[in-house]
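Proteins come first, then strands; the chains are lettered A, B, ... in the order of their sequence lines, and each starts at number 1. Heavy-atom basis, side chains included; hydrogens, waters and symmetry copies ignored.
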There are 2 protein chains.
Amino acid sequence: MNNPSQEAPDLVDFGPLAGTVSYGIKRAYLRVIRDLEGALAPSGFTPPLLAALAIVAANPGISPARLAAAMGHGRSRAAPLLDHLEGQGLLTRRAGPDRRSIRLHLTATGRAALRRLKSIVAEHEVRITAGLTTQEAGGLPDMLERVAEGKGAVTLR
Amino acid sequence: MNNPSQEAPDLVDFGPLAGTVSYGIKRAYLRVIRDLEGALAPSGFTPPLLAALAIVAANPGISPARLAAAMGHGRSRAAPLLDHLEGQGLLTRRAGPDRRSIRLHLTATGRAALRRLKSIVAEHEVRITAGLTTQEAGGLPDMLERVAEGKGAVTLR
DNA sequence: TATTGTTATACTCTATAACTATA
DNA sequence: TATAGTTATAGAGTATAACAATA
């Protein structure tokens with residue numbers, strides 16, 4: 001596991017971290033998030049803004065709290081994201097049947113923006129899977145989901 | 001891709017993000033980093049501190065700049081990490097042959113700490129791969145490395 | 001003039017708790 | 001008393017640029 005010489009090596013050895021799923025995911029995440037940030041920058045979007053837009057699009061009427069949970073954080077994280085998206089006219093906050101709850105819906109502008117973003121995401125996906133075979137790229141998302149969830153389906157609360 | 005009703009769904013649909021490697025990695029990363037942070041907390045370590053310690057251990061004499069690059073960031077990120085580890089007596093900064101460069105080495109204390117941390121990491125690895133078959137867990141790191149690097153080996157610079 | 005390590009700064013992300021309004 | 005949304009705050013992580021020392 002070690003470099004026998006005392007010289008700084010040309011290839012860095014990750015030692016006990018090498019070959020772990022844990023560190024592999026961390027390194028892959030760095031590549032993915034940077035590539036996506038760069039690809040989205042010209043459009044003024046960030047990865048979290050895109051995720052929020054896409055999740056509201058696929059789940060019309062979803063509440064801010066459920067949106068935040070789907071994205072993996074607490075309620076309070078939704079507000080600034082929604083302020084931004086609503087300010088750009090991409091979605092609306094409508095009162096629910098219960099007057100303290102809110103239902104989110106995309107506007108026509110939001111749907112159009114999402115259509116354009118989809119092609120950026122598709123190109124990004126091609127770039128990050130360039131080193132994988134078609135089979136590997138096809139099987140990876142399901143494996144990652146099982147890492148993310150422990151196992152089982154994507155249930156929320 | 002959409003939920004046909006206007007009701008908030010029990011299962012959240014990730015829409016165009018569902019089934020992508022990109023979003024899968026992001027979700028898996030969240031699980032991994034949180035599990036590892038929790039597992040390391042009692043020892044006073046964080047994931048970046050552990051990574052720095054492990055990389056110096058496996059690459060005696062490595063410079064701060066190369067350490068930072070191996071971890072995926074710029075030079076300036078190394079200093080606070082090294083201050084902390086040196087302050088705890090886990091590593092030393094020795095002058096290199098070139099008087100402006102520095103070579104990093106673990107102390108005996110640092111090596112002992114790393115030995116203890118390894119079992120925490122091993123347990124963490126078991127937890128996050130619990131939803132995978134042995135075959136899948138065995139093949140994942142290499143696939144993740146190819147995502148992280150675009151392809152090819154772990155070269156620096 | 002270029003390089004190494006460090007410092008300073010600002011910006012983002014995130015978590016926690018507190019606040020409001022409803023129920 | 002509990003819940004939904006929001007706001008406020010502080011902390012951690014990160015990137016950029018600027019700096020000092022050396023080459």
Side-chain angles (χ1 to χ4, degrees), chain A residues 7-8 26-27 29-38 40-41 44-52 56 61-87 91-105 156-157, chain B residues 7-8 26-27 29-38 40-41 44-52 56 61-87 91-105 156-157:
Chain A
E7 293 299 310
K26 151 97 191 204
R27 286 169 56 75
Y29 171 73
L30 242 58
R31 160 94 197 284
V32 165
I33 196 73
R34 284 171 182 169
D35 185 280
L36 186 57
E37 277 169 357
L40 289 175
F45 273 82
T46 62
L49 286 172
L50 162 66
V56 173
I62 193 174
S63 71
R66 289 182 62 80
L67 171 63
M71 293 177 67
H73 2 89
R75 278 172 297 168
S76 69
R77 193 76 178 71
L81 253 25
L82 295 174
D83 287 349
H84 184 101
L85 294 171
E86 191 178 33
L91 61 74
T92 56
R93 294 193 241 219
R94 299 186 198 156
D98 179 335
R99 271 175 50 203
R100 74 189 160 178
S101 71
I102 282 186
R103 290 166 172 264
L104 303 168
H105 294 271
L156 250 43
R157 181 130 326 251
Chain B
E7 293 299 308
K26 150 96 190 201
R27 286 169 57 75
Y29 171 73
L30 241 58
R31 161 93 197 283
V32 165
I33 196 72
R34 283 169 182 170
D35 185 279
L36 186 57
E37 278 170 355
L40 290 175
F45 274 81
T46 62
L49 286 172
L50 162 66
V56 173
I62 192 173
S63 71
R66 289 182 61 80
L67 170 63
M71 294 177 66
H73 0 88
R75 278 172 298 168
S76 69
R77 193 77 179 71
L81 254 22
L82 295 174
D83 287 348
H84 184 101
L85 294 171
E86 192 179 33
L91 60 75
T92 57
R93 294 193 243 219
R94 298 186 199 156
D98 179 335
R99 269 176 51 205
R100 75 189 158 177
S101 70
I102 281 186
R103 290 168 172 264
L104 303 168
H105 294 271
L156 249 44
R157 177 151 324 262

Please report, rounded to the nearest Å, how far the [atom2] atom of [N] is from the [atom1] atom of [X].
{"X": "A/Leu104", "N": "D/dA4", "atom1": "CG", "atom2": "P", "result": "14 Å"}
{"X": "A/Ile62", "N": "D/dA4", "atom1": "CD1", "atom2": "P", "result": "13 Å"}
{"X": "A/Arg103", "N": "C/dT22", "atom1": "CZ", "atom2": "C1'", "result": "16 Å"}
{"X": "B/Arg66", "N": "C/dT3", "atom1": "CZ", "atom2": "P", "result": "15 Å"}
{"X": "B/Leu49", "N": "D/dT14", "atom1": "CG", "atom2": "C1'", "result": "15 Å"}
{"X": "A/Ile102", "N": "D/dT6", "atom1": "CD1", "atom2": "C1'", "result": "9 Å"}
{"X": "B/Arg75", "N": "D/dT14", "atom1": "CZ", "atom2": "P", "result": "17 Å"}
{"X": "B/Leu67", "N": "C/dT6", "atom1": "CG", "atom2": "P", "result": "11 Å"}

Practice task
Name the residue closer to the 5' end of DNA chain C, choosing between A/Asp98 and A/Gly72 according to the nucleotide with the nearest heavy atom.
Solution key: A/Gly72
Problem - From C/dG5, D/dG5, D/dT7, nucleotide with atom closest to A/Ser101 side chain - result: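 My answer, after comparing the listed nucleotides, is D/dG5.
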Practice task
Ignoring the backbone of A/Leu82, work out which of D/dT6, D/dA4, C/dT6 is nearest its side chain.
Solution key: D/dT6
Quick one: does [X]'s side chain get under 4.5 Å of [Y]'s, heavy atoms only?
{"X": "B/Pro47", "Y": "B/Glu37", "answer": "yes"}
{"X": "A/Met71", "Y": "A/Pro48", "answer": "yes"}
{"X": "A/Leu104", "Y": "A/Ser63", "answer": "no"}
{"X": "A/Leu85", "Y": "A/Phe45", "answer": "yes"}

Exercise for the section: Starting at CG of A/Leu67, measure out to CD1 of A/Ile102 and round the result to the nearest 0.5 Å. Expected result: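 CD1 of A/Ile102 is found 12.0 Å from CG of A/Leu67.
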Fill in the blank from the handout: By nearest-nucleotide position on DNA chain D, the 5'-leaning member of A/Arg100 and A/Arg93 is A/Arg100
Which part of the nucleic acid does [X] contact within heavy-atom distance under 4.0 Å: base, sugar-phosphate only, or nothing?
{"X": "A/Ser76", "result": "base"}
{"X": "A/Ala65", "result": "sugar-phosphate"}
{"X": "A/Arg99", "result": "sugar-phosphate"}

Practice task
Heavy atoms only: give me the nearest B/Arg103-B/Gly61 pair and the separation to one decimal.
Solution key: CG-O, 3.5 Å
Problem - Qualifying side chain to side chain donor-acceptor pair (under 3.5 Å) pairs, either residue in residues 76-86 of chain B, two or more places apart - result: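 Listed once each, the pairs are B/Asp83-B/Arg93, B/Glu86-B/Arg93.
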Might you list the N or O atoms of the protein lying below 3.5 Å from N or O atoms in nucleotides 12-14 of chain C, with each pair's distance?
from, atom 1, to, atom 2, distance (Å)
C/dT14, OP2, A/Arg77, NE, 3.2
C/dT14, OP2, A/Arg77, NH2, 2.6

